[in-house]
Amino acid sequence: MKQEFDLHMHTSYSDGEHPLEIVLKKIKENELKIFSITDHDSVDSIREIKKYDLGAAKYIKGIEVSSILDGKYKLHILGYNIDENNAKLNDVILKLKEARKKRFSELASYVEENFGFKIKHEDIEEVVENVNIPGKPHLAEIMIKYGYVSSVKEAFGKYLEDAKTKTSNRMDAKIVIEAIKDAGGIVIWAHPKKVEKKYNINFEELMSRLLELGLDGIEPFNSLHTYEESMRYLKYAKEHNLITSGGSDYHGENVKPDVKIGVIFNSGENIKIDTKDITLISKLEG
């Protein structure tokens with residue numbers, strides 16, 4: 001079931017398939033009442049969205065920052081209601097952007113060295129020079145063009161998911177949280193299931209550490225989660241008086257074909273989420 005909110009979506013300003021204008025059209029088509037664009041390591045959509053008439057839809061400024069906790073746990077941290085012009089936040093963004101461009105060339109070298117794929121230097125340079133936040137989906141598109149894979153999903157599943165590079169596109173979680181706070185934002189841990197699965201660790205073991213650093217809440221509702229998993233995260237959030245958020249993590253039909261705008265659970269439950277359980281909304285309205 002589609003929800004009336006979606007607080008986790010991406011445009012081509014990061015690794016989403018569509019430019020902001022197209023995503024806004026899809027938001028309107030899906031009749032969302034409340035939404036946020038949370039591009040990776042970028043506030044460009046926040047600046048551009050000012051030129052559009054959003055009608056009755058409520059927009060919440062957002063960003064998703066590539067982070068690492070204690071030097072070993074890779075995770076994503078969402079920042080909502082941020083000041084996009086904040087100096088500390090923009091310093092983090094600039095450093096991550098520079099790292100991503102360097103890392104993209106290393107990713108191309110990785111698939112060449114490990115899988116024998118030949119990728120022309122000019123294709124790499126075109127992405128580095130013209131793409132705002134280059135990443136694995138952009139390399140996947142090059143691999144599709146060369147005929148090495150038939151889809152972005154195949155590229156990730158077979159070759160890119162565990163790609164290793166010398167350059168990290170992650171910023172220390174403490175610095176990220178401090179920057180979002182300095183920008184007046186609310187700090188949310190995105191899709192905790194992804195971290196639990198990757199490191200075979202219970203999310204509660206990391207929550208206490210993140211809360212020490214200033215985390216405000218968690219994203220119980222995400223298309224990576226089943227309904228049961230979402231309820232587990234929601235129960236924890238309520239018990240610990242944490243702010244909650246939720247969204248599809250929409251990237252586009254080719255990048256993530258199974259993820260639809262406004263569709264929160266990955267297991268198809270025909271359940272409408274009470275927006276009272278998305279306390280981020282009530283906090284910002286309140």
Side-chain angles (χ1 to χ4, degrees), residues 10-17 19 37-47 63-79 82 84 86-146 148-149 152 155-180 183 190 194-195 198-199 249 251-252 255-256:
H10 298 273
T11 74
S12 56
Y13 275 126
S14 61
D15 59 350
E17 178 181 350
I37 306 292
T38 54
D39 279 318
H40 292 286
D41 312 324
S42 173
V43 291
D44 291 330
S45 65
I46 297 175
R47 296 188 173 116
I63 188 173
E64 184 174 17
V65 186
S66 306
S67 311
I68 187 165
L69 177 65
D70 296 335
K72 59 181 176 179
Y73 299 112
K74 295 179 180 179
L75 46 80
H76 287 121
I77 294 175
L78 293 158
I82 53 174
E84 68 276 17
N86 177 267
K88 186 175 286 189
L89 180 60
N90 276 275
D91 182 61
V92 167
I93 291 170
L94 178 60
K95 289 176 179 176
L96 285 171
K97 185 177 292 188
E98 291 171 347
R100 277 182 174 272
K101 289 181 180 296
K102 183 178 179 182
R103 181 173 179 264
F104 188 77
S105 297
E106 294 176 6
L107 283 170
S109 297
Y110 172 88
V111 297
E112 287 184 327
E113 294 168 4
N114 288 274
F115 305 109
F117 299 154
K118 300 300 179 184
I119 298 175
K120 293 179 181 178
H121 179 72
E122 51 263 38
D123 285 324
I124 299 170
E125 285 299 305
E126 182 179 354
V127 172
V128 169
E129 291 177 8
N130 298 314
V131 173
N132 191 41
I133 306 290
K136 291 178 182 178
H138 304 104
L139 182 57
E141 292 293 343
I142 294 175
M143 292 167 67
I144 292 170
K145 184 178 78 170
Y146 286 1
Y148 296 140
V149 294
V152 173
F156 270 75
K158 290 184 177 180
Y159 307 109
L160 299 179
E161 191 66 52
D162 297 316
K164 302 291 191 299
T165 59
K166 292 181 181 178
T167 301
S168 173
N169 66 326
R170 304 271 171 171
M171 182 69 70
D172 184 88
K174 182 176 186 293
I175 295 173
V176 172
I177 291 173
E178 287 176 351
I180 293 172
K194 189 172 185 178
V195 180
K198 182 178 180 66
Y199 298 103
D249 204 357
H251 281 68
V255 179
K256 289 189 176 182

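For reference, positions follow the sequence shown, starting with 1.
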Rounded to the nearest 0.5 Å, how far apart are [atom1] of [X] and [atom2] of [Y]?
| X | Y | atom1 | atom2 | result |
| --- | --- | --- | --- | --- |
| Ile144 | Leu139 | CD1 | CG | 10.0 Å |
| Ile93 | Met171 | CD1 | CE | 10.0 Å |
| Ile46 | Thr38 | CD1 | OG1 | 10.0 Å |
| His251 | Asp249 | NE2 | CG | 5.0 Å |
| Asp172 | Arg170 | CG | CZ | 12.5 Å |

Determine, using ring centers only, whether Tyr159 and Tyr148 are less than 6.0 Å apart.
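Not close enough - the centres of the two rings lie 6.0 Å or further apart.
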How far apart are the C-alpha atoms of Lys174 and Glu178, what are their side-chain angles, what is the distance that settles it, and do they pass the salt bridge (Lys or Arg N to Asp or Glu O under 4.0 Å) test?
CA-CA 6 Å; Lys174 182 176 186 293; Glu178 287 176 351; 2.6 Å; yes
Which atom names give the shortest non-hydrogen contact between [X] and [Y], and what distance separates them?
| X | Y | answer |
| --- | --- | --- |
| Lys158 | Phe115 | O-CZ, 4.3 Å |
| Arg103 | Thr165 | NE-OG1, 3.2 Å |
| Ser12 | Pro19 | OG-CA, 3.2 Å |
| Leu96 | Asn169 | CD2-O, 3.4 Å |
| Asn86 | Lys88 | OD1-N, 3.0 Å |

Tabulate below the donor-acceptor pairs under 3.5 Å that side-chain atoms of residues 122-136 make, not counting sequence neighbours, or state none.
residue : atom : partner : partner atom : Å
Asp123  : OD1  : Lys145  : NZ           : 2.8
Asp123  : OD2  : Lys145  : NZ           : 3.4
Asp123  : OD2  : Tyr146  : OH           : 2.1
Asn130  : ND2  : Glu126  : O            : 3.0
Asn132  : OD1  : Lys97   : NZ           : 3.0
Asn132  : ND2  : Tyr13   : O            : 2.8
Asn132  : ND2  : Ser42   : OG           : 3.3
Asn132  : ND2  : Asp44   : OD2          : 3.0
Lys136  : NZ   : Leu160  : O            : 2.9
Lys136  : NZ   : Glu161  : O            : 3.2

Parallel, tilted or perpendicular: which one describes the rings of Tyr199 and Tyr73, with boundaries at 30° and 60°?
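Judged by the thresholds at 30° and 60°, the geometry between Tyr199 and Tyr73 is perpendicular.
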Donor-acceptor pair, Ser14 side chain versus Asp39 backbone, under 3.5 Å?
no
Show which side-chain atoms of residues 63-72 pair as donor or acceptor with protein atoms under 3.5 Å away, not counting sequence neighbours.
residue : atom : partner : partner atom : Å
Glu64   : OE1  : His8    : NE2          : 3.0
Glu64   : OE1  : His10   : NE2          : 3.0
Glu64   : OE2  : His191  : NE2          : 3.4
Ser66   : OG   : Asp41   : OD2          : 3.0
Ser66   : OG   : Arg100  : NH2          : 3.1
Ser67   : OG   : Val65   : O            : 3.0
Asp70   : OD1  : Arg209  : NE           : 3.0
Asp70   : OD1  : Arg209  : NH2          : 3.1
Asp70   : OD2  : Arg209  : NE           : 3.1

Cut-off 3.5 Å, no hydrogens considered: what does the side-chain donor-acceptor table look like for residues 104-111, sequence neighbours left out?
residue : atom : partner : partner atom : Å
Glu106  : OE1  : Lys166  : N            : 3.0
Glu106  : OE1  : Thr167  : N            : 2.8
Glu106  : OE1  : Thr167  : OG1          : 3.4
Glu106  : OE2  : Thr167  : OG1          : 2.7
Ser109  : OG   : Ser105  : O            : 3.2

